[in-house]
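All of these numbers come straight from a predicted model, not from anything done at the bench. For reference, positions follow the sequence shown, starting with 1.
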Amino acid sequence: MKYSKIAIAQSRPTRGHIDTNIKNHIAQIQRAASLGADLIAFPELSLTGYEPTQCQQLAVQLDDTRLRPLQAISNSQGTTIIAGAPLKTDSGIQICSLIFRPNKAIKTYAKQYLHADELPFFIEGKNTDNIIGQNPKIALAICYELSVLSHHHKAVNDGADIYLACVAKSEDGVNRSEEILSAQAIKNNMPCIMINSVGKCEDCICAGSSAVWNKKGELLAKLDNEKMGLIMYDTNTDSTIIF
């Protein structure tokens, strides 16, 4: 699938309330789709908020009926949607990006590299297929993975054109991530995108600042650290609009 316009959706999850968060996702999806978005991406664990100690209660399965509205709007708008949720598997709970594609089964990418404080609650994903799209090819990352150099190396080796990280980060985490992504954009000659939440999560205040860097490491657009918002990134012109 070709992704000419990527919408970066900075959201404010209602902690632990999946139905409410899905409704809020749909409102942002409708707005982005009305402006021509082919792909809209949300932060890490956007459907529940970042709540590790509640992951057993909050975890979803792919046949969860609450996810159907996201598949329905993907079908009707012809838009790919990346939303974050804890995913229940036979082996344990994974931090997962759920990828809703028009008239196709849900694709998943599970976080392969967990931060140490996530290990008591989650298991590492074993799937290595984090590439979506063909023109451009987009490599997905989830939060801590953006600081793992081998994750960037694999994106390059897989022929990715864009590196897209869905995160849940505090102000300090945002500052470190900005340095990493700008540097990796230059090193790999690849635009980098970060999508963060705003508001309280279990162990910090998520500091927003969702952003796009071009392949020269130059900041193209950045949202603030308090409000929900959207950035539209045009992959053909390497330009952005905040709306």
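- Judged by distance alone, with hydrogens and angles left aside, the side-chain atoms of Thr235 form a donor-acceptor pair with the main-chain N or O of Tyr3 at under 3.5 Å.
- In the displayed structure, Lys154 atom NZ is contacted under 6.0 Å by more than 12 heavy atoms of other residues, nucleotides or ligands.
- When the shell of 6.0 Å around CD1 of Ile242 is examined, it contains more than 12 heavy atoms from other residues, nucleotides or ligands.
- Across every non-hydrogen atom of Leu146 and His152, the tightest pair is O-NE2, 2.7 Å.
- The aromatic rings of His151 and Tyr109 are tilted relative to each other, their planes meeting at an angle between 30° and 60°.
- Counting only distance, with no hydrogens or angles, the side chain of Asp234 and the backbone of Ser239 share no donor-acceptor pair below 3.5 Å.
- Judged by distance alone, the side chain of Gln112 and the main-chain N or O of Glu124 form no donor-acceptor pair under 3.5 Å.
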List the steps and the verdict of side-chain contact (heavy atoms from CB on, under 4.5 Å) for Thr48 and Val60. CA-CA 10 Å; Thr48 61; Val60 302; 5.6 Å; no

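- No continuous path of hydrophobic side-chain contacts links Leu223 to Val174 [ILVMFWY only; heavy atoms under 4.5 Å].
- Ile132 places none of its side-chain heavy atoms less than 4.5 Å from the side chain of Leu164.
- Considering CD1 of Ile162 and CD1 of Ile6, their distance stands at 4.0 Å, rounded to 0.5 Å.
- Of all heavy-atom pairs between Ile195 and Ile8, the closest is CG1-CG2, 3.2 Å.
- A side-chain N or O of Asp238 and one of Tyr233 form a donor-acceptor pair less than 3.5 Å apart.
- Contact detail for Leu67 and Leu62: the closest heavy-atom pair is CD1-O, 4.2 Å.
- Between Pro86 and Leu45 the shortest heavy-atom distance is N-CD2, 3.3 Å.
- A donor-acceptor pair is defined here as one N or O able to donate and one able to accept, closer than 3.5 Å; no such pair exists between the side chain of Ser97 and the backbone of Ile142.
- Between Asp129 and Lys107 there is a salt bridge, since at least one side-chain N of the basic residue sits less than 4.0 Å from a carboxylate O of the acidic one.
- For the pair Pro43/Cys166, no side-chain contact is recorded, criterion being any heavy-atom separation below 4.5 Å from C-beta on.
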Would Gln30 and Ile26 count as a side-chain contact (heavy atoms from CB on, under 4.5 Å) here? Give the steps. CA-CA 6 Å; Gln30 289 173 328; Ile26 288 173; 3.8 Å; yes

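- Of the possible donor and acceptor atoms, none in the side chain of Asn196 sits under 3.5 Å from a partner among the backbone N and O of Ser209.
- Ile29 and Leu47 end up in the same hydrophobic cluster when Ile, Leu, Val, Met, Phe, Trp and Tyr side chains are linked at under 4.5 Å.
- No more than 12 heavy atoms of other residues, nucleotides or ligands shown are found within 6.0 angstrom of OH on Tyr144.
- Side chain to side chain, Glu179 and Asn175 fail the donor-acceptor criterion of an N or O pair below 3.5 Å.
- Considering CG of Leu70 and CZ of Phe100, their distance stands at 4.5 Å, rounded to 0.5 Å.
- For CD of Gln56, the number of neighbouring non-hydrogen atoms (other residues, nucleotides, ligands) closer than 6.0 Å is 12 at most.
- When side chains are defined from C-beta on, Gln94 counts as touching Ile123, because their heavy atoms get closer than 4.5 Å.
- Cluster membership for Val148 and Val156, using ILVMFWY side-chain heavy atoms within less than 4.5 angstrom, is not shared.
- Two residues are said to be in side-chain contact when any heavy atoms from C-beta on lie closer than 4.5 Å; Val198 and Lys227 fail this criterion.
- Around NZ of Lys200, the count of heavy atoms belonging to other residues, nucleotides or ligands within 6.0 Å exceeds 12.
- Heavy-atom minimum distance, Lys137 versus Gly159: CD-O, 3.7 Å.
- Contact annotation: the side chain of Leu149 approaches that of Gln184 to within less than 4.5 Å [non-hydrogen atoms, C-beta and beyond].
- Residues Ile73 and Thr79 are not in side-chain contact: their nearest non-hydrogen atoms beyond the backbone lie 4.5 Å or more apart.
- Here the NZ-OG1 distance, from Lys5 to Thr237, works out to 8.5 Å after rounding to the nearest 0.5 Å.
- A donor-acceptor pair is defined here as one N or O able to donate and one able to accept, closer than 3.5 Å; no such pair exists between the side chain of Glu118 and the backbone of Pro52.
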Checking Asn75 against Gln71 for the side chain to side chain donor-acceptor pair (under 3.5 Å) test, could you report, in this order, the C-alpha distance in whole Å, the side-chain angles of both residues, the deciding distance, and whether it holds? CA-CA 6 Å; Asn75 296 345; Gln71 185 63 60; 2.9 Å; yes

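- Between His25 and Phe42, the closest side-chain pair of non-hydrogen atoms falls below 4.5 Å.
- Using modelled atom types, one side-chain atom of Thr240 and one backbone atom of Leu220 make a donor-acceptor pair closer than 3.5 Å.
- Taking CG of Leu181 as the start and CD1 of Ile193 as the end, the distance is 10.0 Å to the nearest 0.5 Å.
- Taking OG from Ser46 and CD1 from Ile22, the interatomic distance works out to 9.5 Å, rounded to the nearest 0.5 Å.
- Taken together through direct or relayed side-chain contacts under 4.5 Å among Ile, Leu, Val, Met, Phe, Trp and Tyr, Ile131 and Ile82 form parts of separate hydrophobic clusters.
- Between the side chain of Ser11 and the main chain of Ser197, no donor-acceptor pair closer than 3.5 Å is present.
- Without hydrogens or angle criteria, Glu44 side chain to Tyr50 main chain gives no donor-acceptor distance under 3.5 Å.
- Shown here is Lys2, whose NZ atom has more than 12 heavy atoms of other residues, nucleotides or ligands within 6.0 Å.
- Side chain of Glu145 to main chain of Tyr113: a donor-acceptor pair is present (N/O by atom type, distance under 3.5 Å, no hydrogens or angles).
- Annotation: side chain of Thr80 is not in contact with side chain of Asp38 (no heavy-atom distance under 4.5 Å).
- Defined by atom type and a distance below 3.5 Å, a donor-acceptor pair is present between the side-chain atoms of Thr53 and Glu202.
- Gln61 CD to Leu87 CG: the interatomic distance, rounded to the nearest 0.5 Å, is 8.0 Å.
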Going through the distances and angles, do Glu171 and Asn225 end up as a side-chain contact (heavy atoms from CB on, under 4.5 Å)? CA-CA 8 Å; Glu171 184 177 359; Asn225 62 358; 5.6 Å; no

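- Side-chain heavy atoms closer than 4.5 Å link hydrophobic residues (I, L, V, M, F, W, Y) into clusters, and following such links, even through other members, never connects Trp213 to Leu39.
- Minimum heavy-atom separation, Lys215 to Asn189: CD-OD1, 3.2 Å.
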